[in-house]
Amino acid sequence: MAKETFNHKDIEPAFQKKWEDAKLYETDLTKPNPYYLLFEFPYPSGDLHAGHWYAYAVTDIFARFKRMQGNNVLFPVGFDAFGLPAENAAIKEGTNPKEGTRARIERMRSQMKRIGTSVDWSKEVISSEPMYYKWTQWLFAKLYEHNLAYRAEAPVKWCPKDQTVLANEQVIDGTCERCGTEVEEKILTQWFMKITEYAERLLADLELLPWPPEIKEAQRQWIGKSEGARIAFSIPRTADRDANPKIIEVFTTRPDTIFGATYLVLAPEHPLVMALDVSNKNEVEDYVKKTSKKTAIERSEHKEKTGIELKGVKAVNPATKEDIPVYIADYALATYGTGALMAVPAHDARDHAFAKKHNLPIRVVLEEGEGYEGEGTLSNSDIFTGKNSKQARWDIVEAIGGKRATNYRMRDWLVSRQRYWGCPIPVVYDPEGKPHLIPEEHLPWLLPEDVDYTPKGKPPLASSKELHERVEKIFGEGWMPEYDTLDTFVDSSWYFFRYLDPKDDHNFTDLELAKKWMPVDRYSGGSEHTTVHLLFARFFTKALYDLALSPVFEPFTERFNRGLLMGPDGRKMSKRWGNVINPDELVEQYGADAVRMYLAFIGPYNEPGHYPWQPTGVPSMRKFLNRIFTLSQKLDEGEPSEDMRRTLAKTIAKIEKDSEKFKFNTAVSALMVLVNELEKLPKVPTSAYGTLVRLLAPFAPHLADHLFEATREQGSVHSQKWPEADAALLVEESVVVVIQVNGKKRGELVLSHDAPEDEVKKVVFEFLAIREAKRFVYVPGKIVNVVVG
RNA sequence: GCCGAGGUGAUGGAAUUGGUAGACAUACAGGGCUUAAAACCCUGAGGAGGAAUAAACCCCUCCGUGUGGGUUCGAGUCCCACCCUCGGCACCA
């Protein structure tokens, strides 16, 4: 007969109900001592997988820990519920994305409750519900009013399969993030957010954030600041060189090499291309057409640099006054800098490759020679010859009439999507086609339901009769609706404000509460959101700050990227490999507490590592919980020994410190060490056990509460205070000091922790049977190193 | 190519941030309980060698944190060079 243990199937649902009935986790936001703990609200895919558990269960440990420490913790959850998968499922199954989404949310809610999370469901937000997207629309309107949202024609990335425009951020290696189809480029009129206006602040304010360096660095790179100059090259007309020349402006980070600029390159999409008097117009048009058909991948093939000369056109190098040829080539990007570049083939690898292919002159202007790309001494550079390139850089810019310029790699955020399941853009067009914001009293501007979702190259909203009628009824005949919806990243750029006041019908958030609760104290999420979501949320917060709609200009104080759970075979979990872990089965067999404990133990949560799933992990945690349960059968009223009291103090301090840093793996191991020690005792003092149960509470909340009740304590363990580590007990009176000779361990001595050096020296010399040493190093409480000849 | 993070037993990982490397756990091995198995409990364990013994433990020595150098009384930790893995960006002028 197995030893008596606990039955998680009885305990877990019972306590979940008890907590819910007692509204134990509903946060009163008006109370003092706020702590805002946030995790990324999930997309309602319908089923909780192991990764979801990792995201919610482990942050829940921290929420519970913080609460016991006396913080008023806001730990909310919601659903990022708009988006393509629901729409695609609806197309496939012929169902309605709204109903499907609601059903999946309901399913996920009940699964999340089984984890034993202490999230506050009363603050739930669902981005696809009118109550929420009314405010997405309202915020869009505010940004539009302040010129931070605008409509423009621009080259955009187009996914031919999903039949929609994509943001740059949604193009991965030239393919659509969702479906993997190669992305095409198109010129379309679209809605944008002016994130570039905030580029400098997004960059500079990173300095203020205590974020992990890899996250900050990734954002810096994404913003991609380059300092350089804009330089005008004139293109005189052939007939009369001086009359009214056309100007091509280039951006360069190396104006100091301009004496080596032997030709110009324009992007094929550059507006001037068609405006110049080129003699080979047909050829040029042909090339432009061919380029536009290329996918992003084809275009970024490094090997071959294609391009053709604009014949009959010359530009004047403002430094050398020489005529130089002008080319169009697809290695020049329309969307970076001015869409035109001065080519310095001697000192730029790309220009060099192109020049070789097209037999263009290569002039060395740095003494270090052809192929050199660093800083050095200038040559062939008129009066600047002999000067250092870096030092002469801005003098050269001035001498040739250029101006210093900063350029960013980041582009404005394209937010319109030709898809159905998203937040309608709150705009209508008058009979002249001019856009107008929909007045606030008509918000929420509802997503129509009489819509054909199937992609036909037209936005689905165009098929809604109801929408057309609605617009004409409100605005008049000839007025037309906007058919595009907003990218879901807009929805998720402000949801953390909404949690503070999710049901408010008059404001997007409660600004008084925001003053108290923002910024979010700690935000935990996946590393895939490092550059996209996190930048958009920062941009939104800054923009709202400037509009006096946010008390803070940064949304998140701390940020941790969570690691990735891998399958038992070390590969990414995937149906394809058959290595997907189903948490439901594990909960059924071992209990949610055991799963939580294993997830906490699997590796450090403060670093985004890859953790292969150990099939023995959850059972072994269940074993550990059983041992804690078994301990309850040998309780004794006696006082703990001093040794035990020291162990307890150390354990408390260790778990506290590790949990604060999200290092739950070592916190759990400290708990294990404590249990190992308690098991050695013939009887377990009740007070020591009570401490253990409190320490266990954040990790295994159901069992801890059960044991708390079973040991006849009143109320819930989760309303208890976190135990305090007795500082006096943390200092060991006597400690083991390692004795080294020449850095090698030769023994140990038990010494008082503050023994004076003279005394220690005497004892150590005696121990080693020596009389003198070349050097004697003593670190009190730790180590003695004796250096002998 | 550029940037970032990281290489520690069979495995996940630990190491008070320059002070006993391998905590804690898994897997493994031996033993106990059992008719047997499961469960549970106990014990062992980085590698090589030495000494000793009936045998084992204890004990002793050397090697050992990707590789090679360096700084230091002392290096997994700091510095230099190189190799490898993972992640981000990538024709960004």
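Chain identifiers are assigned alphabetically (A, B, ...) following the order of the sequence lines, protein sequences preceding nucleic acid strands; residue numbering begins at 1 within each chain.
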Query raised in the report: Base, sugar-phosphate, or nothing for A:Ser226, non-hydrogen atoms under 4.0 angstrom?
Result: sugar-phosphate
Query - Those residues of residues 648-667 of chain A lying under 4.0 Å from RNA chain B by at least one heavy atom - result: A:Lys663, A:Asn665, A:Thr666
Report task. Taking only the side-chain nitrogens and oxygens of A:Arg409, find out if one of them lies under 4.0 Å from OP1 or OP2 of B:A90. Result -> yes
Query raised in the report: Can you check the A:Gln633 CD to B:C41 P distance for me, whole Å?
Result: 13 Å
Report task. Based on the glycosidic angle (syn within 90° of 0, else anti), state the conformation of B:U17. Result -> syn
Query - Under-4.0 Å side-chain N/O to phosphate OP1/OP2 contact, A:Ser527 with B:G88 - result: no
All N/O pairs under 3.5 Å across the protein-nucleotides 27-32 of chain B interface:
none

Query - Inter-nucleotide P distance (B:G47, B:A55), Å rounded - result: 22 Å
Query raised in the report: Using the P atom in both, what is the distance from B:A10 to B:C80, to the nearest Å?
Result: 31 Å
Query raised in the report: Any idea how A:Phe776 and A:Phe765 line up, ring-wise: parallel (<30°), tilted (30 to 60°), or perpendicular (>60°)?
Result: perpendicular
**Report entry** Whichever of A:Tyr331 and A:Ala218 has its nearest RNA chain B nucleotide further upstream toward 5'
**Finding:** A:Ala218
**Report entry** Contacts of A:Lys390 that satisfy salt bridge (Lys or Arg N to Asp or Glu O under 4.0 Å) - sequence neighbours left out
**Finding:** none
Query raised in the report: side chain to side chain donor-acceptor pair (under 3.5 Å) with A:Glu217: which of A:Arg220, A:Gln219, A:Gln221?
Result: A:Arg220
Query raised in the report: When you compare B:G66 with B:G76, how far apart are their P atoms, in angstrom units rounded to a whole number?
Result: 10 Å
Query - Flag for A:Glu309-A:His358: side-chain donor and acceptor within less than 3.5 Å - result: no
Requested in this report: Would you classify A:Ala343 as touching base, sugar-phosphate or nothing, given that sugar-phosphate means primed atoms plus P, OP1 and OP2, and contacts are heavy atoms under 4.0 Å?
Outcome: nothing
Report task. Between B:U72 and B:C79, how far apart are the P atoms? Round to whole Å, please. Result -> 16 Å
Report task. Tell me which nucleotide among B:U20, B:A23, B:A93 gets nearest to the side chain of A:Ile783. Result -> B:U20
Query raised in the report: Is the glycosidic torsion of B:G50 within 90° of 0, making it syn, or is it anti?
Result: anti
Query raised in the report: Among residues 558-569 of chain A, which contact RNA chain B at a heavy-atom distance under 4.0 Å?
Result: none
Requested in this report: For B:C84 versus B:C24, give the span between their P atoms, rounded off to a whole number of Å.
Outcome: 37 Å
**Report entry** Side-chain donor/acceptor of A:Asp351 to backbone N/O of A:Val344, under 3.5 Å
**Finding:** yes
Query - 5' precedence on RNA chain B between A:Ile215 and A:Val738 (nearest-nucleotide basis) - result: A:Ile215
**Report entry** Carboxylate-amine/guanidinium proximity below 4.0 Å for A:Arg254 and A:Glu375
**Finding:** yes
**Report entry** Stepwise side chain to side chain donor-acceptor pair (under 3.5 Å) check, A:Asn561 with A:Thr530
**Finding:** CA-CA 8 Å; A:Asn561 280 355; A:Thr530 300; 3.0 Å; yes
Query - Selection from B:A93, B:C24, B:C3 that lies nearest to any side-chain heavy atom of A:Glu217 - result: B:C3
Query raised in the report: So which pairs with a foot in residues 650-682 of chain A pass ring pair (Phe, Tyr, Trp, His ring centres under 6.0 Å), sequence neighbours left out?
Result: A:Phe62-A:Phe662, A:Phe560-A:Phe662, A:Tyr605-A:Phe662, A:Phe662-A:Phe664
**Report entry** is_close_aromatic(A:Trp413, A:Phe536), centroid dist under 6.0 Å
**Finding:** yes
Report summary line: Those residues at least two apart in sequence (or on a different chain) that pass side-chain contact (heavy atoms from CB on, under 4.5 Å) with A:Ala594 are A:Tyr590, A:Val618, A:Met621, A:Arg622, A:Leu625
Query raised in the report: Where the side chain of A:Val673 is defined as all heavy atoms beyond and including C-beta, which of B:G88, B:C24, B:A93 is the nearest nucleotide?
Result: B:C24
Report task. Decide, yes or no, whether a salt bridge links A:Lys654 with A:Asp658 under the criterion of side-chain N to carboxylate O below 4.0 Å. Result -> yes
Query raised in the report: Looking at A:Glu269 and A:Ala334, what are the two nearest heavy atoms and their distance?
Result: OE1-CB, 3.6 Å
Query raised in the report: Short question: side chain of A:Asp348, backbone of A:Glu373 - any donor-acceptor pair under 3.5 Å?
Result: no
Report summary line: Reading nucleotides 70-77 of chain B from 5' to 3' and marking B where a protein heavy atom lies under 4.0 Å of the base, S where only the sugar-phosphate is that close, and - otherwise, the string is ---BS---
Requested in this report: Might you work through the salt bridge (Lys or Arg N to Asp or Glu O under 4.0 Å) test for A:Glu660 and A:Lys657, ending with a clear yes or no?
Outcome: CA-CA 5 Å; A:Glu660 189 58 48; A:Lys657 203 171 134 219; over 6 Å; no
Report summary line: Read 5' to 3' with Watson-Crick or G-U pairs under 3.5 Å, [ ] for crossing pairs and | for partners on another strand, RNA chain B gives (((((((..(((......[....))).(((((.......))))).(((((........)))))..(((((..]....))))))))))))....
Query raised in the report: Hey, are A:Asn785 and A:Arg775 close enough side-chain-wise for a donor-acceptor pair under 3.5 Å?
Result: no
Requested in this report: Provide the distance between the two P atoms, one in B:G7 and one in B:C58, to the nearest whole Å.
Outcome: 32 Å
Query raised in the report: C1' atom, B:G19 versus B:A25: distance in rounded Å?
Result: 26 Å
Query raised in the report: For residues 594-603 of chain A, which residue pairs qualify under salt bridge (charged side-chain N to carboxylate O under 4.0 Å, His left out), counting only residues two or more places apart or in two chains?
Result: A:Asp60-A:Arg596
Report task. Can you measure from CG (A:Leu310) to OH (A:Tyr287) and round to the nearest 0.5 angstrom? Result -> 11.0 Å
Report task. Using side chain to side chain donor-acceptor pair (under 3.5 Å) as the criterion, list what pairs up with A:Asp726, not counting sequence neighbours. Result -> none
Query raised in the report: Which part of the nucleic acid, if any, lies within contact of A:Pro604, taking any heavy atom under 4.0 Å across all strands shown: a base, the sugar-phosphate backbone alone, or nothing?
Result: sugar-phosphate
**Report entry** Nucleotide of B:G88, B:A93, B:C41 approaching A:Arg627 most closely (side-chain heavy atoms)
**Finding:** B:C41
**Report entry** Pairwise P distance, B:U34 and B:C28 [rounded to whole Å]
**Finding:** 24 Å
Close N or O pairs between protein and nucleotides 5-12 of chain B (under 3.5 Å):
| from | atom 1 | to | atom 2 | distance (Å) |
| --- | --- | --- | --- | --- |
| B:G12 | O4' | A:Gln614 | NE2 | 3.1 |
| B:G12 | O2' | A:Ile602 | O | 2.7 |

Requested in this report: Pull out every residue in residues 256-263 of chain A that has a heavy atom closer than 4.0 Å to any atom of RNA chain B, ordered by number, or say none.
Outcome: none
Query raised in the report: Are any of the side-chain nitrogens in A:Arg562 or A:Glu528 under 4.0 Å away from the carboxylate oxygens of its partner?
Result: no
Query raised in the report: Counting distance only, does the side-chain N/O of A:Lys634 pair as donor-acceptor with the main-chain N or O of A:Glu679 below 3.5 Å?
Result: yes
Requested in this report: Tell me whether the centres of the aromatic rings in A:Trp613 and A:Tyr598 are closer together than 6.0 Å.
Outcome: yes
Query raised in the report: Side chains of A:Thr196 and A:Asp412: do they bring a donor and an acceptor to under 3.5 Å?
Result: yes
Requested in this report: For A:Asn407, report the nucleic acid contact type (base, sugar-phosphate, nothing); a contact means any heavy atom under 4.0 Å.
Outcome: nothing
Requested in this report: With heavy atoms under 4.0 Å as the rule, sort A:Ala340 into base, sugar-phosphate or nothing.
Outcome: base
Requested in this report: Mind calculating the distance between CG (A:Asp351) and P (B:A93) to the nearest angstrom?
Outcome: 12 Å
Query raised in the report: Taking the six-membered ring of A:Trp211 as reference, does the NZ or CZ atom of A:Arg559 fall below 6.0 Å from its centre and within a 45° cone about the axis?
Result: no
